Number of protein chains: 2
Amino acid sequence: MSAAPTPGRTGPRRALTQDQIVSAALTLLDASGPSAASIRGIAAKVGVAPNAVYTYFPDKAAVVKGVVERLLGEVDHTASGDDAGSWRDRVAALAVELRRALLAHPGAVPLMIGGPMDGPHALALNERLLELLADAGLDPADAARAAYLLIVYAFGSIAMEVADQHGVAPMPPEQDRIAARLDAFAAIPATHLPRTAAAASVMAGYVSEAQYVWGLHRVLDGISPG
Amino acid sequence: MSAAPTPGRTGPRRALTQDQIVSAALTLLDASGPSAASIRGIAAKVGVAPNAVYTYFPDKAAVVKGVVERLLGEVDHTASGDDAGSWRDRVAALAVELRRALLAHPGAVPLMIGGPMDGPHALALNERLLELLADAGLDPADAARAAYLLIVYAFGSIAMEVADQHGVAPMPPEQDRIAARLDAFAAIPATHLPRTAAAASVMAGYVSEAQYVWGLHRVLDGISPG
DNA sequence: TACAGTATTTGTACGGTGTGCAAACAGTGT
DNA sequence: ACACTGTTTGCACACCGTACAAATACTGTA
């Protein structure tokens, strides 16, 4: 991901950068969903033969990793700064910001769950959470466990929200998605699934920031010290 | 998924059933990871031309849905029966059983996050959770929200645990996976990420039943009424 | 028993995928 | 001017999902 020109080397200058390739992949992902981010499509987008991509990345998985890292880099950590209130408020702000950043590129979300998130920005997010949870008074081991719980909740929630749209890009407005779910739930047989049928209107609203924040606060309740 | 022979119809008898195809897909998934579950591979496994699969399923996505449903059907709900103690114990037993069932087929886990889980077994799981949470004293709306929180936690946790292995099948033993993570974390720069570096040993244990249960109990703490 | 009708299966084919290999090319240091 | 090296390309391979038409196997009816 570094664009260092490596001054003393021979051969022709590179026509591209890794960032340009990642950007092209993300553009295709946003425009046409997860299946559109093919090596051939990316290469065409940046005006190069498909094989040229392999000069910059060893394989497609590496490109995907680059896209994931890019997205995690777009998470604004200042929203959880020291002037943002209590540690709870700051964790909540970071979680909401994470959801915003990821839902801005729904086509890329399924790619995150495909492999481990161990890049620099993923680690930075982890470090930030550890700081916030240390401020909360948790000892380091509990802070780490709690940080992972928060990460699992956030990514799980966002992934399931995107999965509900099964890869349609871009993400329709929340109200439309909720309305569509409500329609689908109308077919639930109340005889066999009485509680599910009765809860249909609440379940329709699963894919919303409100549910995300509600669940987040239950998790925060659970990890609060004392 | 029904094997009804439909007695009064013409044409040759089917050579297969939907269940056989789903079984073949699952076998391939278990043996060789997510990429092995191709239509062609499945067809070869059941001894039929690739196109024949399309007599039983409209497209590959439907086969995948069948696999997901099969897996959810393998979740043993009796582990959370009325004689299993408090509502917390029963929810925990169900969650642990869900993890067991899914980690038995790690290659299939990424497929679950690819689309909405709205099949009969998924709804039955939801219904069971609603029952357990009603027993806990939650009103229907909160029970539904809490059920979704639990589902998000369980599937998010399991999906991330599988992702950490990036599709290797079968799942290595927990100790091996934790040891491998610990090795990887040794490269974390303590200067820029002091808390993460210090927490490496805890973070290595993220992919364990112990962490899963710990987080589960924090969630249960958060949703407990009163 | 012969026939018509239909559901199943297959052969073939199309356009797509990731990516390996060898040749062509472009730029730098000597 | 030349050798060297990294970049890019053309071509090819094996594989993918799946559409289409032909062949096949079975049932209900005449």
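Owing to the predicted nature of the structure, the values given are computational and were not obtained by experimental measurement. Basis for what follows: all heavy atoms, side chains included, without hydrogens, waters or symmetry-related copies. First the proteins, then the strands, lettered A, B, ... as listed; each starts at 1.
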### Query
L16(A) has an atom CG; how far is it from atom P of dG6(D), in whole Å?
18 Å

### Message
Taking only side-chain N and O atoms of R14(B), does any of them lie within less than 4.0 angstrom of OP1 or OP2 on dC26(D)?
### Response
no

### Task
Answer yes or no: side-chain N or O of R40(A) and base N or O of dG16(C) forming a donor-acceptor pair under 3.5 Å.
no

### Task
Heavy atoms only: give me the nearest I39(B)-P50(B) pair and the separation to one decimal.
CG2-O, 3.7 Å

### Query
In whole Å, what is the span from the CD1 atom of I39(B) to the C1' atom of dT17(C)?
16 Å

### Which nucleotide in dT9(D), dT9(C), dT19(C) has an atom nearest any side-chain atom of V48(A)
dT9(D)

### Query
OP1 or OP2 of dT28(C) sitting under 4.0 Å from any side-chain N/O of R13(A)?
yes

### Query
Could you state the CD1-C1' distance from I42(A) to dT8(D), rounded to the nearest angstrom?
17 Å

### Query
Does a nitrogen or oxygen in the side chain of Y54(B) sit under 4.0 Å from OP1 or OP2 of dT8(C)?
no

### Query
Atom CD of Q18(B) to atom P of dT8(C): distance rounded to whole Å?
11 Å

### Message
How close do M117(A) and M160(B) get, counting heavy atoms only, and between which atoms?
### Response
CE-CE, 3.9 Å

#### Entry: R14(A) to Y56(A) six-membered ring, cation-pi geometry met (6.0 Å, 45°)
yes

### Query
Which comes earlier along DNA chain D counting from the 5' end, the contact point of P50(B) or that of T55(A), where each point is its nearest nucleotide?
T55(A)

## Note on the structure
Closest non-hydrogen atoms of S201(B) and L182(B), given as atom of the first, atom of the second and distance, are CA-CD1, 3.7 Å

### Message
Please tell me if S38(A) has a side-chain N or O lying less than 4.0 Å from either OP1 or OP2 of dT17(C).
### Response
yes

### Query
Nearest nucleotide by nearest heavy atom, which residue falls closer to the 5' end of DNA chain D, P12(B) or A37(B)?
A37(B)

### Query
Under the side chain to side chain contact (heavy atoms under 4.5 Å, CB included) criterion, do T27(B) and K45(B) qualify, and how do the steps go?
CA-CA 9 Å; T27(B) 302; K45(B) 189 99 192 170; 3.8 Å; yes

### Task
Provide, to the nearest angstrom, the distance between the CZ atom belonging to F57(A) and the P atom belonging to dT8(D).
13 Å

### Task
Identify which nucleotide among dT9(D), dT10(C), dT7(D) has an atom closest to any side-chain atom of Y56(A), counting heavy atoms from C-beta outward.
dT7(D)

